[in-house]
Amino acid sequence: MLSRVIAVSASGLKSTAPLGAGLVQASRSLHTSSPSLAPVPALPEGGKVRHGIVPEEFFQLLYPKTGATGPYMLGTGLSVWLLSKELYVINHETVAALTVGTVFILAVKKFGPSFASAMDKMEEEKTAWIEDVKDQAMACYADAIEEEKKEQWRVEGRSMLFDAKRNNVSMLLETNYRERLNHANHEVKRRLDYQLALQHLKVRMEKEHMVNWVEKNVVGSITAQQEQESIAKCISDLNVLAKNIQAKATA
């Protein structure tokens, strides 16, 4: 039985080989572009199924034409046709397949809910961990954005700082200019005072020299007789002055 299925599958694969190669080539050509950095959307939830493996859409597709029993009759008729045409032969492999299928179904029925809940719990934990990582990354990015805004604010305030520094430099230059101007004024005044004092000293020395020269010449021109007459004149003036004082005192 399996040999016939393998032969049919091999013939089908040979007939579809160019198409498969084309699909592989197309998929390779589609994957040559750069990967997108956009977030991947969540996978959609699976649809409803009947008997564990048959999609609900299959029954809904056949319901308008065949009714509720159409899919079951289709499956039964297809199975009978495969058996009647000996496309599928019942042998020990069929029994093994039924046994394995029964064991698989029983295992799914018994352990499926607990396994599904465990997988859901693992998925929730993984999702929570991913959300935590995402929140931490977003918090780090938010902090980085705030720091960047602060740096931009500092850069904007740098112009005012530069203006203040320029004003300080201008004030220092003006202060230095005023100090140098005051120093120059002081030096000029000191030199002018020196010249004025020098002129006053020259005038005083000339006056003293003239007075000494006149006094010397006058003293040199007075004779002994003139000196005695002058002394006698002074004595007589003093006597007259004394008599007048005594007369005023007695009166």
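Starting from 1, each residue takes its place in the sequence as its number.
Between the CG atom in Leu172 and the NZ atom in Lys165 there is a gap of 13.0 Å [rounded to 0.5 Å]. Separating the CG atom in Leu74 from the CH2 atom in Trp81 is a distance of 12.0 Å, to the nearest 0.5 Å. Of the inter-residue distances, the one linking Ile245 atom CD1 with Lys248 atom NZ reads 7.5 Å to the nearest 0.5 angstrom. To the nearest 0.5 Å, the span separating CE on Met205 from NZ on Lys202 amounts to 12.0 Å. Rounding to the nearest 0.5 Å gives a distance of 8.5 Å between CG of Asn182 and CD of Glu179. Atoms CG and CD, from Asn244 and Gln246 in turn, are 9.5 Å apart once rounded to the nearest 0.5 Å.
Using a cutoff of 4.0 Å between basic side-chain nitrogens and carboxylate oxygens, Arg154 and Glu151 are scored as salt-bridged. Note on Arg204 versus Glu208: salt bridge recorded, some NZ/NE/NH1/NH2 to OD/OE distance being below 4.0 Å.
The backbone N or O of Ala164 lies less than 3.5 Å from a partner atom in the side chain of Asn168, making a donor-acceptor pair. The closest donor-acceptor contact from the side chain of Asn167 to the backbone of Asp163 lies under 3.5 Å.
A chain of hydrophobic side-chain contacts below 4.5 Å, direct or via other Ile, Leu, Val, Met, Phe, Trp or Tyr residues, connects Leu78 to Leu83. Leu82 and Ile90 end up in the same hydrophobic cluster when Ile, Leu, Val, Met, Phe, Trp and Tyr side chains are linked at under 4.5 Å. Residues Leu62 and Tyr72 fall within the same hydrophobic cluster, defined by Ile, Leu, Val, Met, Phe, Trp and Tyr side chains chained together at heavy-atom separations under 4.5 Å. Taking hydrophobic clusters as Ile, Leu, Val, Met, Phe, Trp and Tyr residues chained together by side-chain heavy-atom distances below 4.5 Å, Met122 shares a cluster with Phe115.
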Q: Just do the side chain to side chain contact (heavy atoms under 4.5 Å, CB included) check on Val95 and Leu98 with the steps written out, would you?
A: CA-CA 5 Å; Val95 176; Leu98 291 175; 5.7 Å; no

Q: Run the numbers on Asp237 and Leu241 for side chain to side chain contact (heavy atoms under 4.5 Å, CB included), then give the verdict.
A: CA-CA 6 Å; Asp237 291 337; Leu241 183 61; over 6 Å; no

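You'll find the side chain of Thr127 reaches within 4.5 Å of the side chain of Glu123, heavy atoms only.
Here the rule is side-chain hydrogen bond (donor to acceptor under 3.5 Å, both in side chains) with Glu187, and of Lys189, Arg191, Arg190 only Arg190 fits it.
Pairing each heavy atom of Ser117 with each of Ser114, the nearest pair is OG-O, 2.6 Å. Listed here is the closest heavy atom pair of Glu57 and Lys48: OE1-O, 4.3 Å. Shown here for Pro113 and Val108, the closest heavy-atom pair between the two residues is CD-O, 3.8 Å.
No more than 12 heavy atoms of other residues, nucleotides or ligands shown are found within 6.0 angstrom of OH on Tyr63. Heavy atoms from other residues, nucleotides or ligands lying under 6.0 Å from CE of Met119 number more than 12.
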